[in-house]
Structures are given as C-alpha cells and as structure tokens.
Amino acid sequence: MLQAKQLHIGYTQSIASAESLTLNPGDLVALVGRNGSGKSTLLQTLRGSLPILSGSVCIDEKELVHWSPQSLATKIAWLNAHFSGVAQLLVLDYVLLGRTPYLGILGSAREADVEVAQHALKRVGAEHLSQKLTSSLSDGERQLVALARALAQDTPFIFLDEPTAFLDFYHRKQLFTLLKELATSEQKGILLSTHDLDLVIAFQLPLWLVPQDGIIRAHEPMQGREALEALLI
C-alpha cells in the first residue's frame, strides 16, 4: 500500500496539499486536474524525485525518505508522457532496462532477465517488436514498449504522466484497456495522470482530483464530464 498523509508538495513553497491519499495493489486511479495544478509535481513527489515539503509518503508503512533509490525502483515504475526512442537501441534491450534494479554488480542481464523482458512485451502485445529499433516505432508502439519496460521492472506500483498525450483515440482506449487489465490481473497499483476525461468516465475510474484550490482529494468514479469538470474549478 502507498499512503500519503498531511502532504504538501511544491518546489520551494506549497502549491497543493492532500490530507490523505491511498493507492492499493489492484487500483487504477486517474489523477486529473487543469494544466499547472500540480499533477506532475504530485507524481514526482510520490516517486521520490522531489522532496516532500511536509507530511509523509509511505510504502508498506515505511516512509519514502527511508528507501534507497535502488530499493524504491523495485516498488515504483515510472512512465513519462512520451518516449521518443533511442537511436540504435533495440526494443528488447530497452525493455531490459527495467531490470536494472535487480542486476548484479556487473550490471549484466541474465537469461532470467531476458525472459522477464520477453514476457513483458508479450503481455502488452508487442513481442513482434522486440528486434526493431526503438526510434523506428510509431507513437502507439512506443507507449506499449514503455509500458513493457515498466512491467519488466516488476514493481507493485506504476505511475504514468500523461501517457496518452501523443496518441490517437484508438491507441488511447487501447492503453486504458490494458492498464485496467494489468491492475486487475496482476494487482498493480496504477496512478495515471490524464486529461482524457471521457475515457476516465467511460472506464469508471476512481479519481484523485487536483482542483484550482490546491487541495487534492480522492473521489469516486464520475458519471458525467460536466460534473467532473465542475470539481476541478
């Protein structure tokens, strides 16, 4: 379980706060708010990349500040808004980067790590891309491959920051469907920052709202877009 209490987030001063937020294995939660409201700042704080101004974030009842970077990398996997590919890097080699927290002192991937990476690609339906260059992939393929890397990291939690920003509707819906399946079948706690309110409503996702007043609140799934947008004012 990941839990935040009396949390204030920001760089030099608080831009948003939350009294209590909880993400459990099996949850797929949509983090929604207007641009500049603090969604990315919250994600960066929860993953330990940005210091907590006040309050606490705990994973399995252990405060985030007491986790080493390597240990934290076995708990939380991270996806940026857009993976643009790396010249001359094969998809399988990129997915293998997810195994970095588990590699030995020499940092060499073992046969078992390759099997994990191959399974991750198969899980997202991208095994046919394994020998392609990451720079040659379409936007939709790149997001699937990025998700495979996160799965190969074998963490209980996955954070995604606007992963559908560069995708068409078909691939956005495909990604939502896959995330829902992963949360349920593999008991991943997934926190998804998104502006895709229609898909959030269609998939009936529970919410973490970041309204203009800066007070982050958990909320049950919403039925209508207008009602949801009203909560963000």
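Side chains included, hydrogens not; waters and symmetry mates left out as well; all remaining heavy atoms used. Residues take their numbers from the sequence shown, with the count starting at 1. Source: prediction; values computed, not measured.
Between L121 and S130, the shortest heavy-atom contact is CD1-CB, 3.8 Å. Between T155 and A150, the closest heavy-atom pair is OG1-O, 4.5 Å. The two atoms that bring Q70 and P101 nearest to each other are NE2-O, 2.8 Å, heavy atoms only. The shortest heavy-atom contact between S193 and K39 is OG-CE, 3.5 Å. Across all their heavy atoms, D196 and T194 have their closest contact at N-OG1, 2.9 Å. Summarising the geometry of V57 relative to A4, their closest heavy-atom pair is CG2-CB, 4.1 Å, with the distance given to 0.1 Å.
With sequence neighbours excluded, the residues forming a salt bridge (charged side-chain N to carboxylate O under 4.0 Å, His left out) with R123 are E186, listed by chain and number. The salt bridge (charged side-chain N to carboxylate O under 4.0 Å, His left out) search around K173 returns none, not counting sequence neighbours. In terms of the side-chain contact (heavy atoms from CB on, under 4.5 Å) criterion, residue partners of K122 (sequence neighbours excluded) are, by chain and number, E127. With sequence neighbours left out, V116 forms a side-chain contact (heavy atoms from CB on, under 4.5 Å) with R99, A152. Looking at residues two or more places apart in sequence or on another chain, you find a side-chain contact (heavy atoms from CB on, under 4.5 Å) between S136 and K132, L133. Looking at residues two or more places apart in sequence or on another chain, you find a side-chain contact (heavy atoms from CB on, under 4.5 Å) between D198 and R225.
Residue L205 is grouped with residue L231 when hydrophobic side chains (ILVMFWY) are merged at heavy-atom distances under 4.5 angstrom, including chains of intermediate members. Hydrophobic clustering, with ILVMFWY side chains joined whenever heavy atoms are under 4.5 angstrom apart, groups L167 together with L179. Placement of L199 and L31 in two distinct hydrophobic clusters is found when ILVMFWY residues are connected by side-chain heavy-atom separations under 4.5 Å, directly or transitively. Linking ILVMFWY residues whenever their side-chain heavy atoms come closer than 4.5 Å, directly or via other members, leaves Y11 and I15 in distinct clusters. No path of Ile, Leu, Val, Met, Phe, Trp and Tyr side chains, each step under 4.5 Å between heavy atoms, connects L147 with V95, placing them in separate hydrophobic clusters.
Crowding of E19 atom CD: a count of heavy atoms from other residues, nucleotides or ligands under 6.0 Å not exceeding 12. The number of heavy-atom neighbours closer than 6.0 Å to NZ of K62, taken from other residues, nucleotides and ligands shown, is above 12.
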Original post:
Where do S56 and Q6 land on the side-chain contact (heavy atoms from CB on, under 4.5 Å) test, with the steps shown first?
Top reply: CA-CA 7 Å; S56 66; Q6 305 299 324; over 6 Å; no
T74 and D154: side-chain contact (heavy atoms from CB on, under 4.5 Å), yes or no, with the steps? CA-CA 7 Å; T74 68; D154 193 22; over 6 Å; no
Could you give me the CA-CA distance, side-chain angles and deciding distance for L46 and L21, then say whether side-chain contact (heavy atoms from CB on, under 4.5 Å) is met?
CA-CA 11 Å; L46 293 178; L21 296 169; 5.6 Å; no
| said: Run I216 and L7 through side-chain contact (heavy atoms from CB on, under 4.5 Å) and show every step you take. | reply: CA-CA 9 Å; I216 305 166; L7 184 66; over 6 Å; no
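The CG atom of L191 lies 11.0 Å from the CD1 atom of I158; values are rounded to the nearest 0.5 Å. Atom NZ of K180 is separated from atom OG1 of T177 by 10.0 Å, given to the nearest 0.5 angstrom. In this structure, CG on D161 lies 5.5 Å from CG on L43, to the nearest 0.5 angstrom. For the atom pair CG of L175 and NE2 of H171, the computed distance is 10.0 Å after rounding to the nearest 0.5 Å. In this structure, CG on L42 lies 6.5 Å from CH2 on W208, to the nearest 0.5 angstrom. Between the CG atom of L96 and the CZ atom of R110 there is a distance of 11.0 Å, given to the nearest 0.5 Å.
Between the side chain of Q143 and the backbone N or O of T164, no donor-acceptor pair lies under 3.5 Å. Between the R142 side chain and the S135 main chain, a donor and an acceptor come within less than 3.5 Å of each other. Formation of a donor-acceptor pair under 3.5 Å by the K188 side chain with backbone atoms of L182 is not found in this model. The backbone N or O of G55 sits nowhere less than 3.5 Å from a side-chain atom of K5 that would complete a donor-acceptor pair. Although no hydrogens or angles enter the test, the distance criterion places no donor-acceptor pair under 3.5 Å between the side chain of Q3 and the main chain of T22. The backbone N or O of S68 lies less than 3.5 Å from no partner atom in the side chain of S71, so there is not a single donor-acceptor pair. A donor-acceptor pair under 3.5 Å is formed between the side chain of R149 and the backbone N or O of W78. Side chain of Q204 to main chain of M222: a donor-acceptor pair is present (N/O by atom type, distance under 3.5 Å, no hydrogens or angles). S14 places no side-chain N or O within donor-acceptor distance of the main-chain N or O of G10, the cut-off being under 3.5 Å.
Residues L2 and I76 have side chains in contact (heavy-atom distance under 4.5 Å, counting atoms from C-beta outward). Using a 4.5 Å heavy-atom threshold, the side chains of L137 and Y94 count as separate. Counting only heavy atoms from C-beta outward, the side chains of I201 and L228 approach each other to under 4.5 Å. Between V91 and E141 there is no side-chain heavy-atom pair separated by less than 4.5 Å. Between L232 and V32, some side-chain heavy-atom pair lies under the 4.5 Å cut-off. Side-chain contact between P163 and L192 is present, with heavy atoms from C-beta onward closer than 4.5 Å.
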